[in-house]
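Every chain is numbered from 1 and lettered A, B, ... according to where its sequence line falls, protein lines coming before strand lines. All figures in this text were calculated on a predicted structure; none of them were measured in a lab. All heavy atoms count here, side chains included; hydrogens, waters and symmetry mates do not.
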Amino acid sequence: MQEQRVEILYNEPVSSRYFRLGLKWKTSVIVPGHFVMLRVSDGLDPLLRRPFGVYKVLNAKGRDKLKGDGIELIYQVVGKGTGILSGKTPGEVLSVLGPLGNGFPVPHPSQDIVMIAGGMGIVPLYLFASTIKRGSLLFGARGKAQTLVAKDFKALGLKVRFATEDGSLGHKGYVTDLLSGAITPGTIVYACGPAPMLKKAAEICAKEGAQCYVSLERAMACGIGVCLGCAVKASAHNERENKNYVMVCSDGPVFESALIDWDRI
Amino acid sequence: MQEQRVEILYNEPVSSRYFRLGLKWKTSVIVPGHFVMLRVSDGLDPLLRRPFGVYKVLNAKGRDKLKGDGIELIYQVVGKGTGILSGKTPGEVLSVLGPLGNGFPVPHPSQDIVMIAGGMGIVPLYLFASTIKRGSLLFGARGKAQTLVAKDFKALGLKVRFATEDGSLGHKGYVTDLLSGAITPGTIVYACGPAPMLKKAAEICAKEGAQCYVSLERAMACGIGVCLGCAVKASAHNERENKNYVMVCSDGPVFESALIDWDRI
Amino acid sequence: MKKTKENPLAIVVAGIRLKNPVMTASGTFGYGSEFMPYTDLSKLGGIVVKGLSLKPRQGNPSPRIVETPCGMLNAIGLQNVGVEAFITDKLPKLKGVDTAVVANIFGETVDEYIEVAKRLDDTEGVSALEINISCPNVKKGGIVFGTDPFEAARVVSAVKKATRLPVITKLSPNVTDIRVMAKAVEDAGTDAVSLINTITGMVIDIEKRRPVLATSTGGLSGPAIRPIAVRMVWQVSQAVRVPIIGMGGIMSAKDALEFIIAGASAVQVGTANFVDPDISVKVVSGIAEYVERHGTTVKDLVGSLTTG
Amino acid sequence: MKKTKENPLAIVVAGIRLKNPVMTASGTFGYGSEFMPYTDLSKLGGIVVKGLSLKPRQGNPSPRIVETPCGMLNAIGLQNVGVEAFITDKLPKLKGVDTAVVANIFGETVDEYIEVAKRLDDTEGVSALEINISCPNVKKGGIVFGTDPFEAARVVSAVKKATRLPVITKLSPNVTDIRVMAKAVEDAGTDAVSLINTITGMVIDIEKRRPVLATSTGGLSGPAIRPIAVRMVWQVSQAVRVPIIGMGGIMSAKDALEFIIAGASAVQVGTANFVDPDISVKVVSGIAEYVERHGTTVKDLVGSLTTG
Ligand SMILES: Cc1cc2nc3c(=O)[nH]c(=O)nc-3n(C[C@H](O)[C@H](O)[C@H](O)COP(=O)(O)OP(=O)(O)OC[C@H]3O[C@@H](n4cnc5c(N)ncnc54)[C@H](O)[C@@H]3O)c2cc1C
Ligand SMILES: Cc1cc2nc3c(=O)[nH]c(=O)nc-3n(C[C@H](O)[C@H](O)[C@H](O)COP(=O)(O)OP(=O)(O)OC[C@H]3O[C@@H](n4cnc5c(N)ncnc54)[C@H](O)[C@@H]3O)c2cc1C
Ligand SMILES: Cc1cc2nc3c(=O)[nH]c(=O)nc-3n(C[C@H](O)[C@H](O)[C@H](O)COP(=O)(O)O)c2cc1C
Ligand SMILES: Cc1cc2nc3c(=O)[nH]c(=O)nc-3n(C[C@H](O)[C@H](O)[C@H](O)COP(=O)(O)O)c2cc1C
Ligand code: FES
Ligand code: FES
């Protein structure tokens, strides 16, 4: 959990706006769903760390494959911080805080597993899938270019169904369109992606009686539950527990979908 | 004079804290004493450009050797901006504004020339010396390590005398200790270095009746005479011309020493 | 019926027609002509020149500037050539440049403001006056005009009487409630307000144990102050009806649009001109791109913020 | 004659003995114990906990934070567990940690301040109270206590009467003249002042044309505001005799020393804790190195600035 300075092993473009970042990492076991906070520059702008999910544990040893020589992150260049990150070269050293947060709960062996990802939401789900090694994935993306990482998924031997808004791959439309058809009341759904997608997935699961866990994203300052910046409104059910807001970084990022007030997400 | 984005040709350490920076530069003729303003990062911190003198014109062609394929700067890592600069690699592109300022005046062919440099003050004097190809240099530095660039000077065939505070090379003490002995009333002195050194040099020259030109440094924001930030107080003589302050960037950086109010430098 | 396609960037502020909402801020653009080698002045909505006083002023001792995180402090001390030399030496150089020229003026007494305003009143080539009230009021023991609503209003109504030019009053952010100041100068008859001027700050050299600036404190500008400036523009836009010119840390079209959406009819680019002397023109083209992409006009964007 | 070598970093502020002048700022360090995995709390001069109210508060809707150039805005809305849960659940976790614990308190009425203060008065493990007066005064239509010298003084004297603990009053920077506020709370009996709290700011999402924060505006913190904070500490140090605790954008020992030299007896590190949870301890060792190199003490450095 400590802050550490780790070496960059590789930082390679997957496509023009997506990069795989390999970091030396020997210290702690990663649980799928964990994230890390990277400091992209020693300067004061950008000031805050940037959160990223863990995609892979490199050269993982042992039974659960969650401790190895390094970790791989996948990031999309969207602004200042990720722009600077994309210019880093192997051998450079980054300050990393983590692993942080609570991971995905382990499913019951008898449960059917459906993973549903939108865009970069694929990241924590891949690590989860590579541990659990069963279930199927529904993957929504803007277009074909963004589905590159899905190759890794297929290599795991998991069934992957695509949805693209432009119809360039798989179903034309939203990935949540595929969800009702893929679940039954016993299914456990793991979802990660943009808020509207998660909201829709939560609704569908509630309707179909499936269990649903979502991994949320929120602008973060500290990543460790102290700034109270990454709050999301808890559902009325949770309000009775006297927790009106939950913190994505320390209470999450993975939540049971019923705990979230989806109207105020 | 325009802002341009130029490619880094090389950025090599001379010693641990000094770097030679080669930049592609085909556009404009450089006059010795000119400086450029570099933007070390596209981010907002550091916000302002950093001023650096021009040390060399690379592959210079033609009579006056002042137009070539590139320019070389030498910089010392002293803070945030120069720290970032030292991490840049060949092929990266920098935004450069320049050449800026007014260079050293050309001496009369009959005049004896003495150059006196302290630390990084060597930079503009080297370009001057490599054009004028005569005279002698008095070079003051903290210790032996900082005198590396003096090799280039010797290669020009000029006489160099050193002064180091720790006595590790040449005279033990201040470089200005050597000045009285090196000049006569007809000499023209070109000085660049820290303010106390310049002040002392100006005093000695005034006393000995030698002409003296100094190249000043001052924190700069714009480099083009509009922010009025780099002001230095003019001497009483200049006050009569209704110029109480002169701007180092646009009125200088080279000034006749009598124009400066050395008590308020 | 013919429908002339109007310039979607054009905006009228205090009766001044600007071809686009981007002006350069006083003190960061000299007298304008210094930027001719670096940028195309005719592409700018307007130029606000360095603050002018009745007599030339030599300014403060040096050091006058110091960089700060994402900003800078300046204590130039309002050095300027004086209104006379401006009219005879500087203004003629802008002849033929197709942009609005605004003269920023200041004084140490109300009378001085009046005299500078009068001198500029019959000067060709000046589109408006911008009154800098962030100046020490010598008669009031150095308290700045701009932090006292009564004194600010006094200056504004005096200048209004002394000139036929539109008057923009430039507000200081160093106040508890900038709406109070804005209302005071609106009531005094200003045609527009511009904000924000710099925020007082200080940097200390810990080795010398002295302030870096010769005057101890200076004015903070640059992107560091932008969130404060946007907030103040938004507050003022809800308090007054006169148009607002917003500024403080604008480095890009995105930043400028924050001010416009918050309620500014036009913006001024300041410190950024030091970083890139062509940046103001880049802000213009960025705004043009945004307006085009959203099929809107600057006029419609002004104050288009939805809150709550 | 034996001369005991004293700790050159030690300082007494408002009767609290600090082993060094570095504290953590309220709202940026949770209730302290959250940082145990990341840093050694016993190396800190003190910890100021998240602002406490009489009842638990749920805080503001989300988004609550946004990054700005060299800073951030927050609108947490003073979410906290309430004074009761602090005493029973949070404070015991700091038992055995060798550092001063300061409880930051606030209320929406003077009575609420009094009740929180009273509840903490007989609590073991609390060294002092810090009163946050940057809170909306519900009885005065939401005007914050901290921008009105009379209201601020009312809070301070009420709290002073309600507690035997030393009282530190935390000043808001959103005022025309912070010296007036400092003097008002000094006269009301505060044992020390701390400054600055955040400066109100706003960031707009230009695509949505909405403020990024759910509450529209938030408080600006981080290195962007440091020059303003240093200036205010210096001004206050010339206006009052009570000790000053300085803060605003401290990221390093160098920054902390600016505040101390300007007149602060101690400093608080805020936003920087988010960037590096061990940074406050690094500030301590940097100050130790400076004090050693200069053969001086923190006590002698306080207010050692030479101007003019
Ligand atoms: C728990 C968690 C895990 C994440 N995992 C990944 C991942 O594996 N791969 C990946 O590419 N991204 C991930 N993100 C998102 C990533 O943190 C942001 O894309 C990144 O911080 C943007 O930084 P920037 O400086 O480039 O963008 P900025 O310049 O800061 O902003 C650019 C745009 O991105 C938005 N943005 C900024 N910060 C965030 C944020 N924290 N969350 C969402 N949007 C943001 C801004 O609103 C703006 O529109 C994750 C976020 C969280 C909270
Ligand atoms: C006309 C001119 C020509 C110059 N030529 C050279 C050169 O050829 N090689 C070279 O190494 N340096 C040169 N300098 C100095 C160089 O500009 C500064 O060292 C540089 O700006 C420091 O940037 P920084 O961000 O690393 O330091 P900062 O983090 O900004 O400051 C570190 C330290 O350097 C001091 N400093 C900052 N800016 C300046 C400045 N402009 N002048 C003097 N001291 C400053 C600060 O007070 C501080 O003590 C020149 C300066 C001028 C004005
Ligand atoms: C070096 C400098 C000089 C300035 N001089 C003046 C001036 O003469 N008159 C004035 O009204 N404002 C002056 N200002 C304030 C700017 O016009 C502007 O209000 C302020 O810098 C905020 O904008 P910015 O952050 O874009 O720079 C000056 C600012 C700087 C940085
Ligand atoms: C997320 C956050 C929460 C804060 N909460 C409080 C608080 O509860 N009470 C208080 O007095 N100050 C609070 N502050 C203000 C800080 O204590 C401090 O005064 C301010 O952030 C300036 O210091 P900095 O720039 O080092 O952060 C908070 C600041 C931040 C960033
Ligand atoms: S990011 Fe600070 S509490 Fe979650
Ligand atoms: S640096 Fe701006 S006038 Fe010289």
Side-chain angles (χ1 to χ4, degrees), chain A residues 1-5 27-28 37-51 79-81 94-100 195 216-234 238-239 241-250 252 260-261 263-265, chain D residues 24 27-39 49-51 56-82 85 203 212-214 218 221-224 226 249 251-252 255 270-279 282:
Chain A
M1 235 154 92
Q2 296 289 340
E3 184 267 341
Q4 39 188 314
R5 295 188 71 85
T27 39
S28 31
M37 298 280 284
L38 296 189
R39 193 164 176 197
V40 299
S41 131
D42 288 337
L44 300 176
D45 186 60
L47 182 65
L48 302 171
R49 288 171 186 273
R50 298 293 190 257
K80 183 148 60 176
L94 288 179
S95 162
V96 185
L97 193 68
L100 301 167
L216 297 182
E217 289 194 8
R218 208 82 188 162
M220 291 182 175
C222 71
I224 58 173
V226 296
C227 75
L228 309 180
C230 64
V232 297
K233 190 97 174 73
N238 206 7
E239 225 159 300
E241 293 177 21
N242 203 356
K243 260 206 158 179
N244 292 298
Y245 286 97
V246 288
M247 296 303 138
V248 170
C249 68
S250 52
I260 303 303
D261 179 348
D263 292 331
R264 301 198 212 159
I265 194 77
Chain D
T24 56
T28 66
F29 213 67
Y31 302 101
S33 54
E34 296 93 326
F35 279 76
M36 284 177 174
Y38 304 105
T39 194
V49 301
K50 178 74 193 158
R57 278 175 67 116
Q58 64 164 346
N60 286 332
S62 188
R64 292 176 170 188
I65 55 169
V66 58
E67 199 183 52
T68 68
C70 292
M72 65 178 281
L73 290 184
N74 89 79
I76 305 303
L78 295 165
Q79 174 177 348
N80 77 99
V81 296
V203 172
V212 171
L213 297 180
S221 65
R226 193 171 61 233
M251 300 291 296
S252 68
D255 302 343
T271 303
N273 293 304
F274 304 152
V275 178
D276 175 358
D278 187 41
I279 207 162
K282 288 176 186 148

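- Using a 4.5 Å cut-off between heavy atoms, A/M37 does not touch chain D at all.
- Heavy-atom pairs under 4.5 Å with chain D peak, among A/G43, A/G223, A/C230, A/C227, at A/C227.
- Listed options D/P69, D/P61, D/A214, D/G59 were ranked by heavy-atom pairs under 4.5 angstrom with chain A; first place goes to D/P61.
- For D/N273, no part lies near chain A; criterion is any non-hydrogen pair under 4.5 Å.
- A/L100 is not listed as a side-chain neighbour of A/C249, based on a closest heavy-atom distance of 4.5 Å or more.
- Of the listed residues (D/Q79, D/Q58, D/R57), just one forms a side chain to side chain donor-acceptor pair (under 3.5 Å) with A/N244, and that residue is D/Q58.
- Among residues at least two apart or in separate chains, there is no salt bridge (charged side-chain N to carboxylate O under 4.0 Å, His left out) pair with a member in residues 69-81 of chain D.
- The pair A/K80-A/D45 meets the salt-bridge criterion, with a side-chain N (NZ, NE, NH1 or NH2) lying under 4.0 Å from an Asp/Glu carboxylate O.
- Residues passing the ring pair (Phe, Tyr, Trp, His ring centres under 6.0 Å) test with D/F35, sequence neighbours excluded: D/F29.
- There is no contact between D/T39 and chain A, counting heavy-atom distances below 4.5 Å.
- You'll find the side chain of D/V66 reaches within 4.5 Å of the side chain of D/L213, heavy atoms only.
- Only the side chain of D/P277 comes within contact range of chain A, judged by heavy atoms closer than 4.5 Å.
- Among the candidates A/I265, A/V232, A/I224, the residue making the largest number of heavy-atom pairs closer than 4.5 Å to chain D is A/I224.
- In this structure, chain D has a heavy atom under 4.5 Å from the side chain of A/R49, while its backbone stays farther away.
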